[in-house]
Amino acid sequence: MDLLTRIKGPRDLDRLSLGELDQLAEEIRTFLVDAVSKTGGHLGPNLGVVELTIALHRVFESPKDKVLWDTGHQAYVHKLLTGRQDFSRLKSKGGLSGYPSRAESDHDIIENSHASGVLGWADGMAKANEVLKKDDHVVAVIGDGALTGGMAWEALNNIAAAKDRPLVIVVNDNERSYAPTIGGLANHLATLRTTDGYERFLARGKDFLERTPVVGRPLYDTLHGAKKGLKDFIAPQGMFEDLGLKYVGPIDGHDIEALESALQRAKRFGGPVIVHCLTEKGRGYTPALEDEADRFHAVGKIHPDTGLPISTSGLDWTSVFGEEMVKLGHEREDIVAITAAMLQPVGLGKFEEAFPDRIYDVGIAEQHGAVSAAGLATGGLHPVFAVYATFLNRAFDQVLMDVALHKCGVTFVLDRAGITGTDGASHNGMWDMSILQCVPTLRIAAPRDADQVRAQLREAVAVDDAPTVVRFSKGAVGPAVQAVGKAGGMDILREPKAARPDVLIVSVGALAPMCLEIADLLDAQGISSTVVDPRWVKPVDEALAPLAERHRVVVTVEDNSRAGGVGSAVAQALRDAGVDVPLRDFGIPPVFLDHASRGEVMTEIGLTAPDIARQVTGLVAKLDGRFESRAVEPARD
C-alpha cells in the first residue's frame, strides 16, 4: 500500500505517473477487499469504479469542482482519495458512512443514497453557477442502474435544453452485455463531437449545402446519414444525441489514460456532455466476478480469499416472505410479483425461478411499478410489489391516486421496515406507517414473527378491492410469539391478573418481544399490564377502544416515526370513541438518524424496554399521586 498511504487528497494524484496510477488502482482493490470483508458493505460497485474515480479526481479539482455520486454506494474509492482511509468501522457508529457524508468531508456534496436523483442536483447546481457567474465544474456520476429511474430522464430533458451550460454527466455502465468500443477511431470521433470547431464546421457546411441548387440538400442528407450511421455503429450514442446532448464514448472505464482524455474534452466543451464509461462490477476479485446474481453488490462479513460469509444469521424475514410467495404462486395463478431492481434483496429470486413469466422487474422506478401494479390489478391479476420500506416513499402519489383511488387490489410488501441502522438516514424504513395513514381504504399489516408474515401475507392478497401493505424488519426473525387470546381481530400476547389493569401496551410488529419485556419490568414494580398486537395497524381495530377503556394508561410502541404513526392513529381512534385515558406513544423521533447498528440506534433514541418501562412507571406514579421516581432496571440472570 505504498502509494495509497501517500494519498492525502486528490492533488497528490497529480504527481503520479501512468504506471504508478495503475499500481495505485491495484492497491485500492486490495484494500477494498481486505477492509470491506471485515465490515461488510458495497464491494462489487466500488471494485468497478477504481480507475474512473482516479481519473475524475485527476481531471477535476474537488471540492471546488462538484463531483456528485448517484448512487452513493459507489463512492468508497472517492473516500480513499479524499483523505479517508480508516475503513475499520465502516457503516458502524463513529466510523465512516457507507455513502457520501457532508459531516465527513467537504468533497461530499450530496449524501442522499436514493438512486436517480443526481442529475436533478447537477442541473440545479449548473444553473446556480450560470446565475452567479462561477467557473466551477459540475460532474454527475450516475450508474449501476440509476438511469432506469424516471427522475433521471426528467432531468436529462431539462439539461438538454441549455446547450451552453457546462455540465458533465458520467455514465458508469457496468452492464455485462456491452462490449467496449475502444481504439483510435472511436477516440477521434469522440474528440470531434466535443470540439467547437467541428460544430462550427458542420453548421457552415449545412448552410452552404442547403444553398446549393438541386444537389445541395440531398447531398447533405446523405453525408449526415452516413455520419450518423457510422457513429451509431461504433458507439450507441444516438439516444443521447437525439436529446441534444453531446456524447463521448464508450470509454474503457479501466483505462485511466483514455478516461482522462475523455473527461478533459468534456470539461473543455462548454455545454452538457455525457461521458459513457464501461466498467466491470467486481473487477479484480474472482468471487465477485463469479457471483452471477449481483457481483457482490453488497456483502456482509466475508472470508476475503473465498468470498464466503463468515457466519449466517439464521432465518430472516425476507426469506420467510419469499418462500410463502412461492407457495401462493402455486395456489393462485393470478398472483404476480413486481420488483424495482431488487429481485434478490427482497426475496423474489425463488419466485422468479418457479414462475419466470409472472414477475416483472421495472428497474429503479418505484412510481412506474406502483402504476403498473394498478394496471395489472385492473387487468384481473393480484400483483405483489416487494420494495424496501424507504423506497416506497417515492411512489406515494401513485399509491394514493392510482392504486387506492381506483380500488385496486395491490399488495405492497415493505422489506427493511423500521430502523435498519448501518446504511444511515436514507435507508431507515421509518416513514411508511406515517405517510400511508392518510390513504383511504389502504390497510397495513405489521407481522410480529415468521408465522404472522405467512398468515398476514395471505390475508393481504385476499383483498381485491383496496391496497394492502405488509411490512417487516431487516435481518433475522426471532422465535414465534404466541397469542394467549383474541380481542376483535387483535392478538392478546399477555393478559393481566388484575381485574382493572394499569397499562395497555399496543405492540407493533417485530417489537412484540420488547413489549413483553416491558410488561415484565412493570410487573416487577407492581404495575399490571396487557400486551396486545393489533396485527393490522390500519385501520385501528374497533375492539381497541373498549379494551383501552378497561385500563388506566395506553402505551403504543412502534418502529416508525412518532409523527403521524400508529400512536397518532390510536389516539385519534380513542378520541373518536370517547375513550379518555392517558396515552403515551413510543417510536422514532422525527429526526434523521446517523448510521449505527439497530441496537445502538434504539438505545440512543430511548426505544428500549428499560427506557420505556421507566417512563411508564413515572406516569402511573403520577396517576397514583406518587411523584417519586422509581428506577426500572433490566432483569439480570
Taking side chain as C-beta onward, heavy atoms only, is Arg494 less than 4.5 Å from Ile505? no
Treating Glu323 as the side-chain partner and Val320 as the backbone partner, does any N or O pair qualify as donor plus acceptor under 3.5 Å? no
Tell me if a side-chain donor or acceptor on Arg448 pairs with a main-chain N or O of Val481 at a distance below 3.5 Å. yes
Look at the side chain of Asn46 and the backbone N and O of His42, then say whether any donor-acceptor pair between them is shorter than 3.5 Å. yes
State which residues pass side-chain contact (heavy atoms from CB on, under 4.5 Å) with Leu381; sequence neighbours excluded, sorted by chain then number. Asp334, Val336, Leu376
Any non-hydrogen side-chain atom of Ile492 less than 4.5 Å from a side-chain atom of Lys486? no
Taking NZ, NE, NH1 and NH2 as the nitrogens, is one of them in Asp316 or Lys474 under 4.0 Å from a carboxylate oxygen of the other? no
Shortest non-hydrogen separation from Lys538 to Gln437 and the atoms involved: CE-O, 2.9 Å
Please confirm whether the backbone N or O of Pro513 pairs with a side-chain atom of Glu517, one donor and one acceptor, at under 3.5 Å? no
Lys281/His297 under side-chain contact (heavy atoms from CB on, under 4.5 Å): CA gap, chis, key distance, verdict: CA-CA 8 Å; Lys281 196 171 184 178; His297 178 81; 3.0 Å; yes
Just so I know, are the side chains of Thr556 and Val508 near enough to count as touching, which here means a heavy-atom distance under 4.5 Å? no
Taking all heavy atoms of Asp559 and all of Ser473, pick out the closest pair and write down the distance. OD2-OG, 3.8 Å
Given 3.5 Å as the limit, does a donor-acceptor pair link the side chain of Thr378 with the main chain of Ala374, or not? yes
Nearest 0.5 Å please: distance from the CG atom of Leu400 over to the OG1 atom of Thr441. 9.5 Å
Give, for atom CG of Leu156 and atom CG of Leu147, the distance between the pair rounded to the nearest 0.5 Å. 7.0 Å
Who passes side-chain contact (heavy atoms from CB on, under 4.5 Å) against Thr608, sequence neighbours left out? Thr603, Pro610, Asp611
Where the side chain of Asp123 meets the backbone of Ala155, is there a donor-acceptor pair that is under 3.5 Å apart? no
Within this structure, what is the OH-CG distance for the pair Tyr360 and Leu348, rounded to the nearest 0.5 Å? 13.0 Å
Restricting to non-hydrogen atoms, name the atom on Ser507 and the atom on Val531 that form the minimum distance, rounded to 0.1 Å. CB-CG1, 4.2 Å
Walk me through whether Arg598 and Met602 qualify under side-chain contact (heavy atoms from CB on, under 4.5 Å). CA-CA 6 Å; Arg598 175 178 165 86; Met602 293 180 77; 3.9 Å; yes
Could you check whether any side-chain heavy atom of Met490 comes within less than 4.5 Å of a side-chain heavy atom of Val506, counting everything from C-beta outward? no
Could you give the distance from CG (Leu52) to SG (Cys277), rounded to the nearest 0.5 Å? 5.0 Å
Donor-acceptor under 3.5 Å (Trp121 side chain, Ala140 main chain): no
Measure across Ala466 and Val463 and return the closest heavy-atom pair with its distance rounded to 0.1 Å. O-CG1, 3.7 Å
Taking the side chain as every heavy atom from C-beta outward, state whether Pro534 and Asp541 have any atom pair closer than 4.5 Å. no
Could you give the distance from CE (Met342) to CG (Asp415), rounded to the nearest 0.5 Å? 8.5 Å
Ignoring hydrogens, what is the shortest heavy-atom contact between Thr318 and Pro345? Give both atom names and the distance. CG2-O, 3.4 Å
State, without any angle test, whether Gln367 and Arg394 hold a side-chain donor-acceptor pair at a distance under 3.5 Å. no
Residue pair His382 / Thr411, side-chain donor-acceptor N/O under 3.5 Å: yes
Ring pair (Phe, Tyr, Trp, His ring centres under 6.0 Å) filter on Phe586, not counting sequence neighbours, yields none
Does the plane of the ring in Tyr388 sit parallel, tilted or perpendicular to the ring in Phe391? Use 30° and 60° as the thresholds. parallel
Above 12 or not: heavy atoms from other molecules or residues under 6.0 Å from NZ of Lys301? no
What orientation do Phe321 and Phe472 show, parallel under 30°, tilted 30 to 60°, or perpendicular over 60°? tilted
Would you say that Leu68 contacts Val141 through its side chain, given a criterion of any heavy-atom pair below 4.5 Å between the two side chains? no
Do Asp108 and Ser101 have side-chain atoms, one donor and one acceptor, less than 3.5 Å apart? no
Pair Asn174, Thr279: side-chain N/O donor-acceptor within cut-off below 3.5 Å: no
Output for pair (Phe351 CZ, Glu324 CD), nearest 0.5 Å, gives 12.0 Å
Report the residue from Ile142, Leu245, Ile159 that forms a side-chain contact (heavy atoms from CB on, under 4.5 Å) with Ile274. Leu245
Does a side-chain heavy-atom distance below 4.5 Å link Val387 with Val346? no
Does Thr390 reach the main-chain N or O of Gly429 with its side chain, forming a donor-acceptor pair under 3.5 Å? no
Between Leu442 and Val399, does the side-chain contact (heavy atoms from CB on, under 4.5 Å) criterion hold? Intermediate values first, please. CA-CA 9 Å; Leu442 180 141; Val399 172; 3.8 Å; yes
Applying side-chain contact (heavy atoms from CB on, under 4.5 Å) to Phe412 and Val403, what does each step give before you reach the verdict? CA-CA 11 Å; Phe412 296 92; Val403 181; 4.0 Å; yes
Kindly say whether Ile364 contributes a backbone atom to a donor-acceptor pair with the side chain of Thr148 at under 3.5 angstrom? yes
Quick one: do the Asp585 and Ser568 side chains pair a donor with an acceptor below 3.5 Å? no
Taking the six-membered ring where the residue is Trp, are the ring centres of Tyr99 and His427 under 6.0 Å apart? yes
Please check if the side chain of Glu558 supplies one atom and the backbone of Val566 the other of a donor-acceptor pair under 3.5 Å. yes
NZ/NE/NH1/NH2 to OD/OE distance under 4.0 Å, Lys407 and Asp465: no
How about Val537 and Arg443: do any of their side-chain heavy atoms sit closer than 4.5 Å? no
If you take all heavy atoms of Val557 and Cys515, which pair is closest and at what distance? CB-SG, 3.7 Å
Do the charged groups of Glu333 and Arg358 touch, with an N to O distance under 4.0 Å? no
Test: Glu459 and Arg454 ion pair at under 4.0 Å: no
